[in-house]
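Everything quoted here is computed from the prediction, not taken from an experiment. Just so it is clear: chains get the letters A, B, ... in the order the sequence lines come, proteins before strands, and each one is counted from 1.
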There are 2 protein chains.
Amino acid sequence: MTMEDRFVGADSPTDLTTSYSDHRACPVRDVLDRLGDKWSTLILVTLSQSPQRFNALTRAVPDISRRMLTETLRHLERDGLIWRKVTPSTPPMVSYGLTPLGTSLMPPLNALIAWAERNQPEIAAVRARFDGPIANG
Amino acid sequence: MTMEDRFVGADSPTDLTTSYSDHRACPVRDVLDRLGDKWSTLILVTLSQSPQRFNALTRAVPDISRRMLTETLRHLERDGLIWRKVTPSTPPMVSYGLTPLGTSLMPPLNALIAWAERNQPEIAAVRARFDGPIANG
DNA sequence: CTGTATCCTAAGCGATACTG
DNA sequence: CAGTATCGCTTAGGATACAG
């Protein structure tokens, strides 16, 4: 085991590609592709603070459209990551929150977010160097 | 601190939305949006096994087109996650591998992949229940 | 072998208007 | 309040052909 192996850790995932006769059938891709859309992560993080009503979510994520909010919530509910509770009052009240499954996703997700936060300055610097030579001549 | 807080961990990320006058300027979104495309994760995992040449990557990820492989590699290089080494032989030989920055991404990324792998059966079951009622009538 | 260039389609997403 | 319906733009991404 090399130093790099130790750093990467022993939790290397199983093969994501050649194990599957149909490559699109990979269960990891199946799950992660849904998380890779524009809003899912943001909604999950918001709901991990506390359950929220629909309108509260539009305020917490100001640049999402109602259409995309509805769609994202439905996808997350379909995957069992969030629950949806309807209180049939007038006006109606609909709340959303993390399920235990959704909660179990937050540690790895927060770790990834923390990595992004920690390393964004370096990434921005590398990008500038990468793009610079062309821009600067 | 609740049990859930402990489970989620103390590394809850900073605000991803309202902290930014322009919501698209969030540095975390800036980094994560690039990782959310169809191929980046797969390429990173593949390269974390060992550095690879272009053609080896097309074999390791059989369902990627050369166009998308080139584009994904460029993006990852631009973000400083992978390096690119050209050996000007004939025919030319180009290798790719993880940079230290890219390597530092693998633990959180592998943790997320491991979560997806662990929970895919449950997610599939929930999906079936969610979709079932309509399909079954 | 390692790409580029071009064309094309499908999907993601936003804007807007409407509804119980 | 919490959505749905419709439209159209923009982008991601696949297929194919060509090139150094």
Side-chain angles (χ1 to χ4, degrees), chain A residues 17 22-26 29-30 32-43 46-47 51-79 82-97 130 134, chain B residues 17 22-26 29-44 46-47 51-79 82-97 130 134:
Chain A
T17 55
D22 182 350
H23 308 292
R24 292 155 305 191
C26 169
R29 293 202 217 182
D30 184 37
L32 258 40
D33 283 357
R34 281 250 47 83
L35 256 46
D37 65 20
K38 189 172 182 180
W39 300 110
S40 288
T41 299
L42 217 39
I43 299 295
T46 303
L47 289 179
Q52 310 252 347
R53 296 176 54 180
F54 188 89
N55 244 16
L57 285 169
T58 66
R59 265 175 276 113
V61 187
D63 53 345
I64 196 174
S65 64
R66 266 176 321 216
R67 193 176 94 74
M68 287 314 298
L69 179 55
T70 304
E71 190 176 309
T72 304
L73 289 168
R74 284 292 179 286
H75 285 152
L76 294 174
E77 186 193 1
R78 185 175 106 97
D79 283 5
I82 67 173
W83 48 257
R84 175 176 185 268
K85 190 176 65 175
V86 181
T87 307
S89 51
T90 49
M93 166 170 126
V94 183
S95 310
Y96 296 90
F130 190 92
I134 295 105
Chain B
T17 54
D22 184 350
H23 308 293
R24 292 155 304 191
C26 170
R29 292 203 216 182
D30 184 38
V31 172
L32 257 39
D33 284 357
R34 281 250 47 85
L35 256 47
D37 66 19
K38 190 172 181 181
W39 300 110
S40 289
T41 299
L42 217 40
I43 299 296
L44 287 170
T46 304
L47 290 179
Q52 310 253 347
R53 297 178 52 182
F54 188 90
N55 242 18
L57 285 169
T58 67
R59 265 176 275 112
V61 187
D63 53 344
I64 196 174
S65 65
R66 266 177 321 216
R67 192 175 95 72
M68 288 315 296
L69 179 54
T70 304
E71 189 176 311
T72 304
L73 289 168
R74 284 292 178 286
H75 284 152
L76 294 174
E77 186 193 2
R78 184 175 107 96
D79 283 4
I82 67 172
W83 48 257
R84 176 176 184 269
K85 190 175 65 177
V86 181
T87 308
S89 52
T90 50
M93 167 170 124
V94 183
S95 309
Y96 297 89
F130 190 93
I134 296 107

Steps toward side chain to side chain contact (heavy atoms under 4.5 Å, CB included) verdict (Leu57(B), Leu73(B)): CA-CA 10 Å; Leu57(B) 285 169; Leu73(B) 289 168; 4.0 Å; yes
Integer-rounded Å distance: [N] [atom2] and [X] [atom1]:
| X | N | atom1 | atom2 | answer |
| --- | --- | --- | --- | --- |
| Ile64(B) | dA12(D) | CD1 | P | 14 Å |
| Arg84(A) | dA2(D) | CZ | P | 10 Å |
| Gln52(A) | dC1(D) | CD | P | 14 Å |
| Asp37(A) | dA12(D) | CG | P | 14 Å |
| Arg53(A) | dG3(D) | CZ | C1' | 13 Å |

Compare every heavy atom of [Y] with every heavy atom of [X], then report the nearest pair and how far apart it is.
| X | Y | value |
| --- | --- | --- |
| Ser95(B) | Trp83(B) | O-CZ3, 3.6 Å |
| Leu35(B) | Ser40(B) | O-CB, 4.1 Å |
| Pro62(B) | Arg59(B) | CG-O, 3.6 Å |
| Pro91(B) | Ser89(B) | O-OG, 2.9 Å |
| Leu47(B) | Tyr96(B) | CD2-O, 3.5 Å |

task: Give me the bend of the helix from dC1(C)-dG20(D) to dG20(C)-dC1(D), using the axes of the five pairs at each end, rounded to 10°.
output: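 One end's axis against the other's: 50°.
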Residues which pass side chain to side chain donor-acceptor pair (under 3.5 Å) with Arg66(A), listed by chain and number, not counting sequence neighbours: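 Residues passing side chain to side chain donor-acceptor pair (under 3.5 Å) with Arg66(A): none at all.
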field: Set of residues satisfying side chain to side chain donor-acceptor pair (under 3.5 Å) with respect to Arg74(A), sequence neighbours excluded
entry: none
query: Any side-chain heavy atom of Thr58(B) within less than 4.5 Å of one from Asn55(B)?
result: yes
message: With side chain to side chain contact (heavy atoms under 4.5 Å, CB included) as the criterion, how do Phe54(A) and Thr70(A) come out once you've worked through the C-alpha distance, each side chain's angles and the decisive distance to 0.1 Å?
response: CA-CA 9 Å; Phe54(A) 188 89; Thr70(A) 304; 3.6 Å; yes
query: Quick one, which residues of residues 71-78 of chain B touch DNA chain D with a heavy atom under 4.0 Å?
result: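 Within this stretch, nothing sits under 4.0 Å of the strand.
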message: If you apply the rule side chain to side chain contact (heavy atoms under 4.5 Å, CB included), what do you find for Arg34(B) with His75(B), and how did you get there?
response: CA-CA 8 Å; Arg34(B) 281 250 47 85; His75(B) 284 152; 3.0 Å; yes
- prompt: About how many Å separate CH2 of Trp39(A) and CG of Leu76(A), when rounded to the nearest 0.5 Å?
  reply: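 Reported to 0.5 Å precision, the distance equals 13.5 Å.
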Identify the pairs formed between an N or O of the protein and an N or O of nucleotides 16-20 of chain D at a distance under 3.5 Å, and give each distance.
none

message: What verdict does the side chain to side chain contact (heavy atoms under 4.5 Å, CB included) test give for Arg29(B) and Leu42(A), after you've listed the backbone C-alpha separation in whole Å, the side-chain angles of each residue and the deciding distance to 0.1 Å?
response: CA-CA 9 Å; Arg29(B) 292 203 216 182; Leu42(A) 217 39; 3.1 Å; yes
task: Go through DNA chain C in 5' to 3' direction and return only the first and the last nucleotide with some atom under 4.0 Å of chain B's heavy atoms.
output: dC1(C) to dT6(C)
